[in-house]
Amino acid sequence: MQTPASIGVVSPVRTPECMQVMQDFLHACEHSELMAYEYGRHTQADPVLGKPDMLIGLGGDGTMLSLSAYAAQNNIILGGINMGHLGFLTACGREEMLRLVESLAGGEYGVEKRSMLSVSQHGALLSGTYESILALNEISLMRDQTGRMIDVDVELDGCLLNRYHADGVLVATPTGSTAYSLSAGGPLLWPTAGVMCLTPICPHSLTSRPVVLPDNVEITLKPRERRGRAGESLIYSVDGHDTRPIALNETLVIRKADTSLKLLTLPNSDYATRLRAKLGW
C-alpha cells in the first residue's frame, strides 16, 4: 500500500486520555514524516487541507460507526485506535499506536472492503422517498414504546417471506453480525462474506429464526397494525445512533449499498484471532 498523503484524526469524546493519545499519535506521525492533523468535524473537509486520504478515530466501535458513512461516501480509508471496550472495527489498541504509525509510514498496512446497507423510507404520505441512509452494522425496526411488540411483513424481491410478531426485526451486514444481531441470537458471519442476515428480535414464535440471505436481494419491511393499536409509533434505527419515526402505512426498502467502507488493518491481522480475543474463546 502507499503511504497516506494526509491523515485526519478524530476524537468525538475529548477526555484527557483521548487528548493525550491524539497528541502522542500526532507527534509520532511528525517524527515519521507523515502529514497528520486533528480533523475538526468529520462531516466537513478541512478548509485548507481538504479531505484526508485516511481517517483515524479515537474511541470504540461507536466512534467507527459514526465515521463510517462519511468515509465510505468520500472514498476515505477509515481506521481506529481503540479507547473503548470490544473494538471489533478499530485497527489497534492504544498500546499499539507506535506500531500503527510505523505501518502507515512504511505503507505496510491492509485495507478490507466492508459492505454496507442502504435504506430508504417510502410511503403514501411522503413526497417521494426519504434520502437513502448508509449503515455499516444494521438497520433495526421496532416500536417506539418499549415493552410492546410489532407485526411486520418481510418481503424479499417483492415476495412475502414471513410476518414477524416480535419486539422488532433487524437486517445486519457481516460486519454487524457481532453487534445487535449477535445479541438477538443471529449467527456470526465472516466480514467479507457476500451475505446479510435477517434477525427477528425476541420473536413470539419458536419457529421464527434468523435467515442468512444473499446480498443481492432487496428486503422490504412493512409494519402492520396490531389489535387496533394504530396510534402507537414505530421507529427504525441505523447503526444504533440515527433513529427516525416510521408510520404504519410506510415501508423500509433495504439493499446492499453501491459503496463500501475501506477499513484499515495492521499487518498479520486476521479475523479469527480477533474473534478469539474479543469473544474470549
Side-chain angles (χ1 to χ4, degrees), residues 60-62 64-65 68 84-90 112-119 133-143 146-157 159-223 234-243 246 252-257 260-261 263 271-281:
D61 287 337
M64 297 292 285
L65 290 172
S68 61
H85 298 289
L86 283 179
F88 265 105
L89 298 172
T90 53
E112 287 184 357
K113 284 193 174 182
R114 297 293 185 91
S115 63
M116 305 185 76
L117 297 176
S118 171
V119 59
I133 310 169
L134 290 177
L136 178 61
N137 267 0
E138 80 282 312
I139 295 155
S140 54
L141 172 67
M142 63 200 75
R143 194 173 294 279
T146 58
R148 299 287 191 177
M149 304 185 83
I150 67 170
D151 283 336
V152 54
D153 287 353
V154 177
E155 296 179 356
L156 306 179
D157 290 334
C159 296
L160 180 66
L161 172 68
N162 191 17
R163 173 172 290 186
Y164 290 95
H165 179 42
D167 283 0
V169 173
L170 65 87
V171 179
T173 64
T175 297
S177 69
T178 55
Y180 194 1
S181 179
L182 183 63
S183 299
L188 286 172
L189 304 173
W190 211 252
T192 53
V195 296
M196 48 190 171
C197 186
L198 173 71
T199 305
I201 304 169
C202 299
H204 195 61
S205 170
L206 293 177
T207 62
S208 293
R209 316 305 296 176
V211 181
V212 178
L213 302 166
D215 63 8
N216 61 351
V217 300
E218 179 181 274
I219 301 174
T220 303
L221 306 183
K222 295 182 176 181
L234 286 80
I235 58 172
Y236 67 98
S237 177
V238 179
D239 283 342
H241 62 82
D242 186 354
T243 301
I246 179 172
L252 295 179
V253 177
I254 302 169
R255 308 179 182 90
K256 179 183 176 181
S260 57
L261 176 68
L263 188 66
Y271 195 66
T273 300
R274 179 163 294 192
L275 276 182
R276 291 199 307 274
K278 302 302 182 182
L279 300 182
W281 290 354

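Just so it is clear, the model here is predicted, and its values are computed rather than measured.
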Derivation of the side chain to side chain contact (heavy atoms under 4.5 Å, CB included) call for Val169 and Tyr236: CA-CA 9 Å; Val169 173; Tyr236 67 98; over 6 Å; no
Which atoms form the tightest heavy-atom contact between [X] and [Y], and what is the distance?
| X | Y | result |
| --- | --- | --- |
| Met196 | Val171 | SD-CG1, 4.3 Å |
| Ser140 | Met142 | OG-CE, 3.2 Å |
| Pro210 | Gly186 | CG-CA, 3.9 Å |
| Pro187 | Val212 | CG-CG2, 3.9 Å |

Donor-acceptor contact present, side-chain [X] to main-chain [Y], <3.5 Å:
| X | Y | value |
| --- | --- | --- |
| Arg163 | Leu160 | no |
| Asp157 | Glu218 | yes |
| Asp239 | Glu138 | yes |
| Asp167 | Ile201 | no |
| Arg143 | Met149 | yes |
| Arg255 | Val217 | no |
| Ser177 | Leu189 | yes |

Trace of the salt bridge (Lys or Arg N to Asp or Glu O under 4.0 Å) decision for Lys256 with Asp215: CA-CA 6 Å; Lys256 179 183 176 181; Asp215 63 8; 3.3 Å; yes
Let me confirm one number: the [atom1]-[atom2] distance from [X] to [Y], rounded to the nearest 0.5 Å.
| X | Y | atom1 | atom2 | result |
| --- | --- | --- | --- | --- |
| Asp153 | Glu155 | CG | CD | 6.5 Å |
| Thr273 | Arg276 | OG1 | CZ | 4.0 Å |
| Met64 | Leu136 | CE | CG | 8.5 Å |
| Ser68 | Leu263 | OG | CG | 10.0 Å |
| Lys222 | Leu141 | NZ | CG | 13.5 Å |
| Arg274 | Leu279 | CZ | CG | 11.5 Å |

Intermediate values then yes/no, side chain to side chain contact (heavy atoms under 4.5 Å, CB included), Thr178 and Leu275: CA-CA 9 Å; Thr178 55; Leu275 276 182; 4.3 Å; yes
Parallel, tilted or perpendicular: ring planes of Tyr271 versus Trp190, cut at 30 and 60 degrees: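 Correct class here is perpendicular.
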Side chain to side chain contact (heavy atoms under 4.5 Å, CB included) assessment of Asp242 paired with Ile133: CA-CA 9 Å; Asp242 186 354; Ile133 310 169; 4.1 Å; yes
Does a side-chain heavy-atom distance below 4.5 Å link [X] with [Y]?
| X | Y | result |
| --- | --- | --- |
| Ile219 | Leu156 | yes |
| Ile246 | Ile235 | no |
| Asn137 | Leu117 | no |

Given Leu221, Leu198, Thr199, the one that forms side chain to side chain contact (heavy atoms under 4.5 Å, CB included) with Leu170: Thr199
Side-chain donor-acceptor pair present, Thr175, Arg114, cut-off under 3.5 Å: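 Note: Thr175 and Arg114 side chains meet the donor-acceptor criterion.
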Any side-chain donor near an acceptor of the partner, Ser115 and Thr173, under 3.5 Å: no
Lys278 atom NZ, neighbour heavy-atom count above 12 within 6.0 Å: yes
Asn162 and Val154: CA distance, side-chain angles, deciding distance, side chain to side chain contact (heavy atoms under 4.5 Å, CB included) verdict: CA-CA 6 Å; Asn162 191 17; Val154 177; 5.6 Å; no
